[in-house]
Number of protein chains: 2
Amino acid sequence: MDKRELLIRTAFRLFYSHGIHAVGINSVLKESGVAKRTLYHHFESKEQLVEAVIQYRDAVFLEWMQKRLASVEAGEAGIRELFAALHDWFNDQVIELQAFNGCFFINSSAEYGDHDSPIHKACALHKEKVVQLIHRQVEASGVLAKKVDEVTGFIAMIKEGAIVTAHVQGDRDSALRGERLALAMLQLNRGHEPTA
Amino acid sequence: MDKRELLIRTAFRLFYSHGIHAVGINSVLKESGVAKRTLYHHFESKEQLVEAVIQYRDAVFLEWMQKRLASVEAGEAGIRELFAALHDWFNDQVIELQAFNGCFFINSSAEYGDHDSPIHKACALHKEKVVQLIHRQVEASGVLAKKVDEVTGFIAMIKEGAIVTAHVQGDRDSALRGERLALAMLQLNRGHEPTA
DNA sequence: CCTAAAGTAGACAGATCGGTCTACATGATA
DNA sequence: TATCATGTAGACCGATCTGTCTACTTTAGG
């Protein structure tokens with residue numbers, strides 16, 4: 001495998017389970033079996049490696065989520081699938097996402113709290129992309145047009161709450177609660193076609 | 001001031017704005033002007049200092065929140081006050097909580113991901129206490145008795161989502177959105193006394 | 001065939017990490 | 001008066017941090 005890729009994957013695994021500041025460059029090298037010189041050939045600094053790791057996780061997570069959402073009809077079924085996917089993630093049923101340890105972007109934002117930090121910005125950007133995925137589902141869900149943005153914001157917020165609750169509290173069923181809440185919200189903001 | 005207290009306050013300020021692993025013991029000493037020997041007189045290790053800092057923040061945050069909730073009638077008004085308080089916090093209107101940088105317990109859980117870590121456990125415990133505060137408000141809100149636990153879980157989840165959204169995305173109005181969502185949920189699960 | 005990119009091991013530098021230690025000062029209390 | 005908790009400054013320890021460097025090897029493409 002490409003050494004650059006190997007470094008990113010190894011770094012992600014270690015950063016995700018122990019935190020970024022808690023993992024030294026030497027651990028990444030030891031774990032991956034790559035020479036230090038090679039790391040600094042591909043990346044100018046640890047910070048640049050971190051940025052590459054964020055970008056990598058962003059791609060992996062979004063591809064996974066998009067695939068899950070594409071497996072059902074857009075709309076309410078998509079919202080159900082969103083929370084079903086989260087539930088699988090929280091319960092370690094998604095191999096490509098690794099053992100659940102919270103959201104890597106929330107965690108990294110915690111370590112790089114400054115909003116001007118490139119790393120924090122990259123985390124915010126990832127979240128925006130996920131919001132867009134949700135937006136498409138809400139648009140197709142029969143929610144009143146003028147309520148679509150509001151409901152999208154609600155569901156995105158519920159999703160973040162479910163992730164945090166699953167991680168901090170260890171509540172592995174928080175996605176199920178999130179689903180019930182989100183569906184109730186959809187119902188409440190729907191036009192009346194589905195009842196006909 | 002008590003040196004122990006001074007160390008805890010200084011450590012909190014630094015940990016909260018830069019993360020725990022990113023702040024060395026020497027920074028805490030320099031910033032507080034306390035001798036290293038004194039720190040290790042009061043605390044066996046950095047980890048014990050961290051635990052004391054968590055406990056300190058737990059007390060400060062809960063006292064603040066309890067005072068805010070006590071200022072209004074329990075029930076729906078309490079839920080409104082909860083989100084009003086969060087809104088003030090997110091917008092740096094609460095001096096005793098320091099400039100908003102996310103939730104210290106979520107942030108620390110990110111750095112101490114292992115559920116068996118005493119620090120992670122302490123963070124989970126804090127969240128449980130906050131849930132109890134919410135529970136009391138929901139109980140008094142006219143929500144159907146059998147729905148109280150469910151609605152409490154919803155509102156706690158919304159609260160976490162609002163905090164994360166405010167921090168990661170920099171959305172300073174997320175508490176207002178959270179309030180709208182929470183109130184709609186209350187309404188939906190209410191018995192019919194208030195309409196009479 | 002030649003060259004340039006990508007790779008190796010690991011010593012090294014300078015800073016900082018958490019934590020220990022000596023030696024001493026102060027102030028309250030038994 | 002004697003003692004003990006609390007405090008000071010800062011040298012020192014071994015480990016680890018990010019990042020540089022020398023010297024050499026492998027590999028793929030023009």
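Residue numbering restarts at 1 for every chain, and letters A, B, ... go by the order of the sequence lines. Since the structure is predicted, the reported quantities are computational estimates derived from the model, not experimental observations.
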Can you identify which nucleotide, out of [options], has its nearest atom closest to the [X] side chain?
X: His41(A); options: dG10(D), dA6(C), dA23(D); result: dA6(C)
X: Ile25(A); options: dT18(D), dG7(C), dT8(D); result: dT18(D)
X: Ser27(A); options: dA9(D), dT8(C), dC17(D); result: dC17(D)
X: Ser45(A); options: dG19(D), dT8(C), dG18(C); result: dG19(D)
X: Tyr40(A); options: dA6(C), dC21(D), dT18(D); result: dT18(D)

Between [N] ([atom2]) and [X] ([atom1]): distance, integer Å:
X: Asp2(A); N: dA5(C); atom1: CG; atom2: C1'; value: 12 Å
X: Leu6(A); N: dA6(C); atom1: CG; atom2: C1'; value: 14 Å
X: His21(A); N: dC17(C); atom1: NE2; atom2: P; value: 12 Å
X: Lys3(A); N: dT8(C); atom1: NZ; atom2: C1'; value: 9 Å
X: Leu29(B); N: dC17(C); atom1: CG; atom2: C1'; value: 12 Å
X: Leu49(B); N: dC17(C); atom1: CG; atom2: P; value: 14 Å
X: Phe43(A); N: dT20(D); atom1: CZ; atom2: P; value: 15 Å
X: Arg37(B); N: dA11(D); atom1: CZ; atom2: C1'; value: 13 Å

Practice prompt. Would you kindly check whether a donor in the side chain of Lys36(B) faces an acceptor in the base of dG19(C), or vice versa, at under 3.5 angstrom?
Written response: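 Present.
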Verify the contact: side-chain N or O of [X] to OP1 or OP2 of [N], cut-off strictly under 4.0 Å; return yes or no.
X: Asn26(A); N: dT16(D); value: no
X: Lys46(A); N: dT18(D); value: yes
X: His42(B); N: dG7(D); value: yes

Worksheet entry | In one Ile/Leu/Val/Met/Phe/Trp/Tyr side-chain cluster, 4.5 Å: Val60(B), Ile119(B) |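 Cluster IDs for Val60(B) and Ile119(B) match.
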Discussion item. Checking Asp116(B) now: which residues fulfil side-chain contact (heavy atoms from CB on, under 4.5 Å) with it, not counting sequence neighbours?
Written reply: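 So Asp116(B) forms a side-chain contact (heavy atoms from CB on, under 4.5 Å) with Asp114(B).
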Practice prompt. Run the numbers on His167(B) and His120(A) for ring-ring contact (aromatic ring centres under 6.0 Å, His included), then give the verdict.
Written response: CA-CA 10 Å; His167(B) 185 224; His120(A) 193 114; 5.3 Å; yes
Item to complete: Kindly indicate, with the supporting measurements, whether the criterion side-chain contact (heavy atoms from CB on, under 4.5 Å) is fulfilled by Arg172(A) and Asp92(A).
Response: CA-CA 10 Å; Arg172(A) 297 282 154 166; Asp92(A) 297 331; 4.1 Å; yes
Item to complete: Test ring-ring contact (aromatic ring centres under 6.0 Å, His included) on Phe61(A) and Trp89(A) and set out the steps.
Response: CA-CA 11 Å; Phe61(A) 187 89; Trp89(A) 179 29; 5.3 Å; yes
Item to complete: Describe the nucleic acid contact of Val28(A) in one word from base, sugar-phosphate, nothing, applying a heavy-atom distance below 4.0 Å.
Response: nothing
